[in-house]
Amino acid sequence: MTITDILHKTDLNKEEIKTLLSAEGEDMKKLFDRALQVKLEHLDNYVHLRGLIEYSNICTKYCLYCGVRSKNPNFTRYQLSDNEVIECAKLAHELGYGSVALQSGERSDKEFTDKITHLVKEIKKIDNGSLGITLSLGEQTEDVYKEWFEAGAHRYLLRIEASNEELYYKIHPHDAKHDFQTRLNCIDTLLKLGYHTGTGVMVGLPFQTLDDLADDLLFFKQKDVAMVGMGPFIPHPDTPLWEYRDQIPSAAERMELTLKMIAILRLMMPEINMVAATANQTVDPMGREKAIAVGANVIMPNLTPNEFRENYLIYPDKACVKDKPDQCQTCLDVRLAAIGHRVLYNEWGDSLAFRKKIKDKR
Ligand code: SAH
């Protein structure tokens, strides 16, 4: 089968996915062109925005790749006040972003979970519930996920990080706090509760193979998720995986591999939402635009007050740490217009895949 034949299938098997992951030169360009074509046919040239609020870098976990892991003493821990969160959300509304994403280090104590319930309800009060709310707050119990859903959150992002259990334990400690099965169960619970559920992986991790990456894509398809976020792994000096920084693909290779992952997934799941992660832009100044041009359709501009941003460094040299939100907006409009896309303002921007799934169930 030729590359062109493979590119016109939606039910790709593992071998076909691996062929596409290995594509170079002209073949890679064909993959990217086809992915863009599929996206435009199904979703048009719109990009949805989520105003990102990095609520807190206090974390009880110590994932081996993440700069905000609890065992890193090298920066100040913060938690935004209720007022700061509401002000960020109001700004998202004023800027026409249509929705916000609340992300944080992982805590599951009641003080934290109650606080989130309160904040979700407060954000919902802005202009009578006009903002969509995505949460990205790690593993929680079913009751907590349910409470947040009932409070008004309707989307949840929980990356599986690596769908191969063996690889998972190479990038996380193997203990009760970092249990692969628990993370999987959380994704299933979110799906069951009716969240627009998003997952994803880092690309270019130490020990990660093309087989792993192909299986990750098949995992997303099998779970029938509504959203996927994939970005290049970026080694952080204060983490255990820093030690392997010379054993991973170069930054340019990790970027290219991420773009291939996005493009292939767009062929496999034409109607899901896919985010052009900030990590792309960190590795390549045009990284987000490149991701949009090969199939991604969501961008998460950062709304965290500037004084806190430099303490939410899950990876080093994060892009846009110094930008002001209004600068960010003009910058995005211009950058996206340059690649033939436009921002869809004042909409929640739910995934078409999810909307259709709900309709089918009725
Ligand atoms: N605590 C939340 C949010 C984590 S931060 C949760 O567990 O879901 C969001 C994402 O950043 C993570 O899911 C991870 O995939 C990514 N990330 C963390 N460290 C990274 C690194 N060093 N390089 C690239 N991406 C990273």
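Hydrogens, waters and symmetry mates play no part in the numbers below; they use all other heavy atoms, side chains included. Every number for a ligand or one of its atoms is a count from 1 in the order of the listing.
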Kindly work out whether a path of hydrophobic side-chain contacts (I/L/V/M/F/W/Y, heavy atoms less than 4.5 Å apart) joins I299 to V343.
-> yes
Is M261 reachable from I292 through a run of hydrophobic residues whose side-chain heavy atoms are each under 4.5 Å from the next?
-> no
Please name all residues satisfying salt bridge (Lys or Arg N to Asp or Glu O under 4.0 Å) with K110, sequence neighbours left out, ordered by chain then number.
-> D114
Close residues, ligand 1: non-hydrogen atom nearer than 4.0 Å = Y65, C66, Q103, S104, E106, S136, G138, L158, R159, E161, R183, M202, P232, F233, I234, I314, Y315
When you look at CD of E24, are more than 12 heavy atoms from neighbouring residues, nucleotides or ligands closer to it than 6.0 Å?
-> no
Can we say D350 and R155 salt-bridge, meaning some charged N sits less than 4.0 Å from an Asp/Glu carboxylate O?
-> yes
Donor-acceptor contact present, side-chain N72 to main-chain G67, <3.5 Å | yes
